[in-house]
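Just below is one structure, and these are the notes that go with it.
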Amino acid sequence: FLESPAGVGFSYSNTSSDLKTNGDNRTAEDAYAFLVRWFERFPQYKHREFYIAGESYAGHYVPQLSKLVYERNVKGVVNPSINLMGFMVGNPDTDFYYDNIGSIDYWWDHALISDTMYRAI
């Protein structure tokens with residue numbers, strides 16, 4: 001698996017300023033650069049079907065990386081094409097309002113907040 005962005009989990013950067021300039025676009029570009037280099041190093045996998053998957057905040061990263069791979073494949077950039085077949089996201093974080101719309105009811109229903117707190121919200 002590929003962990004991203006730099007500074008999350010076990011990932012790292014040798015340049016501390018990378019941790020200040022990360023974001024969704026930067027993460028997609030970094031992941032794309034990794035994939036291109038990985039397929040150059042292991043060309044026997046280049047023509048296999050390739051899927052991108054992730055969970056949680058990858059609801060942002062996975063579609064953005066998939067779009068970048070697709071666009072670079074269509075444009076025929078110098079980098080090798082990646083045989084992208086699709087992407088998957090599990091329990092994705094995509095939109096703050098819609099992702100959290102049922103949270104308060106869930107918390108109350110599972111006794112994570114009191115009746116008093118539930119009524120106050």
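- The local environment of OH in Y106 is sparse, with at most 12 non-hydrogen atoms from other residues, nucleotides or ligands closer than 6.0 Å.
- Summarising the local packing, OH of Y45 is surrounded by 12 or fewer heavy atoms from other residues, nucleotides or ligands at distances under 6.0 Å.
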Kindly determine whether F87 and L65 satisfy side-chain contact (heavy atoms from CB on, under 4.5 Å), including the steps that lead there.
CA-CA 9 Å; F87 69 89; L65 175 58; over 6 Å; no

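- Counting heavy atoms of neighbouring residues, nucleotides and ligands inside a 6.0 Å radius, atom CZ of R37 does not exceed 12 of them.
- When the options V69, V74, L68 are evaluated for a side-chain contact (heavy atoms from CB on, under 4.5 Å) with R72, the one that passes is L68.
- The heavy-atom pair separating F50 from I52 by the smallest distance is CE2-CG1, 3.5 Å.
- Between the OG atom in S114 and the CH2 atom in W107 there is a gap of 13.0 Å [rounded to 0.5 Å].
- When side chains are defined from C-beta on, Y70 does not count as touching K67, because their heavy atoms never get closer than 4.5 Å.
- Residues K75 and E71 are not paired through a salt bridge, judged by the lack of any N-O separation under 4.0 Å between the basic side chain and the carboxylate.
- In plain terms, the two heavy atoms of D105 and Y118 that are nearest each other are OD1-OH, 2.7 Å.
- The two residues V89 and G59 have their closest heavy-atom pair at CG1-CA, 4.0 Å.
- A donor-acceptor pair is defined here as one N or O able to donate and one able to accept, closer than 3.5 Å; such a pair exists between the side chain of N73 and the backbone of I82.
- Here the closest non-hydrogen pair linking Q64 and D24 is OE1-CB, 2.8 Å.
- When side chains are defined from C-beta on, L84 counts as touching S66, because their heavy atoms get closer than 4.5 Å.
- Taking every heavy atom of both residues into account, M88 and Y51 meet most closely at CE-CB, 4.1 Å.
- For CZ of F42, the number of neighbouring non-hydrogen atoms (other residues, nucleotides, ligands) closer than 6.0 Å is greater than 12.
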